[in-house]
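Each chain gets a letter, A, B and so on, in the order the sequences are listed, and its residues count up from 1. What you see below is based on every heavy atom in this structure, not just the backbone, and it leaves out hydrogens, waters and symmetry mates. Quick caveat, the model's predicted, so the values are computed rather than measured.
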Amino acid sequence: MILFRTAALLTGATALGLIANAVRPDGVALFAWQASTVCETTASAGEITPEQAQSLCADPGTLVLDVRPHQHFERGHIPQARHLPCTQERLEEETFEELSNASAILVYGQDTEEARAVADSLARRSLPVRVLAGGYPSWEAAGLACSSGPCEGCVGTVHDE
Amino acid sequence: MTSRRGILLWTVKLLLGGLLLYAGVMKLLHPAAFAEEIANYRFLPELAPILAVVLPPVEIALGAVLIAARSRNPWLPAAALGSTLLMAVFAVAVTQAVLRGIDTSCGCFGTDSGPVTWLTVMRVIGLGAASGWLVRA
């Protein structure tokens, strides 16, 4: 009987909450809601230099994201970087899980601005994001380690030059 | 109801009920802000809007029953069980946030509730234990 009463309390309150939300003008849009303003103060990802990025990369908890077109990625990228162009239609659940668990996320593009769209959207989810200032060219110019080769997992992305 | 146990029961149920009622009302004032607080936990963020709508009235209902029901009222253990379940869910949410090093506001009493720390975890577990005691009391 106690379970029945508990269920009745929870169900009744839930129903009341949903009804109240439907009629109040500042109610939450249940299906279209997006955490677009999460942590406004950190919504813009900070920039770091290639040298700072290199020490960040030494941490195994850091996830490196390359947002450039896959042709650029194949020509050269930061070792261990994941290809995640901003035109990718949606984040795979596995990728989102990885992002959520990363201690730091380094995002880079061909220049600083190219990385911004992806980096800021991740920062709005209050993920610990940093942008590589100057993009991949600044990494190369600093003489830091690079890799090249086919972009695994690029099939299905729609980003072209 | 003059026994020591009776006094303890009334104290616990009034404190727990008052706390739930206050927390529910504070969250109800700004549902969109509360949804964002929930999303910040990065724990099933897709449920943030529905939880933001449902949790405040659940807390208010449980708090009101805990305060109003007399010690022999059958709704008292029912509300206490609901509160225990609620605290168990909160405990999982705050513990995973602390373990993952997520620096976010707890949202326990609406916006500006202070950061989630191990103290928050202990507080939630303590409230859960008090609720569980009320179920059997």
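- Annotation: side chain of A:Leu9 is in contact with side chain of B:Trp75 (closest heavy-atom distance under 4.5 Å).
- For B:Leu29, the part lying near chain A is the backbone, with the side chain staying farther off; criterion is any non-hydrogen pair under 4.5 Å.
- The 12-atom threshold is exceeded at CD of A:Gln52, counting heavy atoms of other residues, nucleotides or ligands nearer than 6.0 Å.
- Both B:Trp10 and B:Leu134 sit in one connected hydrophobic cluster of ILVMFWY residues. Membership requires side-chain heavy atoms under 4.5 Å apart, directly or through other members.
- Here the side chains of A:Arg5 and B:Val65 are not in contact, with every heavy-atom distance at 4.5 Å or above.
- Residues A:Leu63 and A:Val131 are members of separate hydrophobic clusters, defined by side-chain heavy-atom contacts under 4.5 angstrom among Ile, Leu, Val, Met, Phe, Trp and Tyr.
- Interface check for chain A: of the options B:Pro77, B:Pro74, B:Gly82, B:Ala61, the most heavy-atom pairs under 4.5 Å are formed by B:Pro74.
- Tested against B:Val53, the residues A:Asn21, A:Thr14, A:Ile19 include a single side-chain contact (heavy atoms from CB on, under 4.5 Å) partner, A:Asn21.
- Heavy atoms closer than 4.5 Å to chain B are found in the side chain of A:Ala8, but not in its backbone.
- The part of B:Leu62 that comes within reach of chain A is its side chain, from C-beta onward, which places non-hydrogen atoms under 4.5 angstrom from that chain.
- Taking hydrophobic clusters as Ile, Leu, Val, Met, Phe, Trp and Tyr residues chained together by side-chain heavy-atom distances below 4.5 Å, B:Leu15 does not share a cluster with B:Leu19.
- Side-chain contact between B:Leu81 and A:Leu3 is present, with heavy atoms from C-beta onward closer than 4.5 Å.
- Cluster membership check: A:Phe31 does not share its hydrophobic cluster with A:Val23, using side-chain heavy-atom separations under 4.5 Å among Ile, Leu, Val, Met, Phe, Trp and Tyr.
- Within 6.0 Å of atom CZ in B:Phe43, more than 12 heavy atoms from other residues, nucleotides or ligands are found, so the atom counts as buried in its surroundings.
- One distance of note links CG of A:Leu10 with CG of B:Leu85; it measures 7.0 Å at 0.5 Å rounding.
- Between B:Arg100 and A:Asn101, the shortest heavy-atom contact is NE-OD1, 3.8 Å.
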Item to check | A:Ile2/B:Val135 under side chain to side chain contact (heavy atoms under 4.5 Å, CB included): CA gap, chis, key distance, verdict | outcome: CA-CA 9 Å; A:Ile2 180 174; B:Val135 177; 3.9 Å; yes
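- Under a hydrophobic clustering in which Ile, Leu, Val, Met, Phe, Trp and Tyr are joined whenever their side-chain heavy atoms come within less than 4.5 Å, directly or via other members, A:Leu16 and B:Val54 fall into different clusters.
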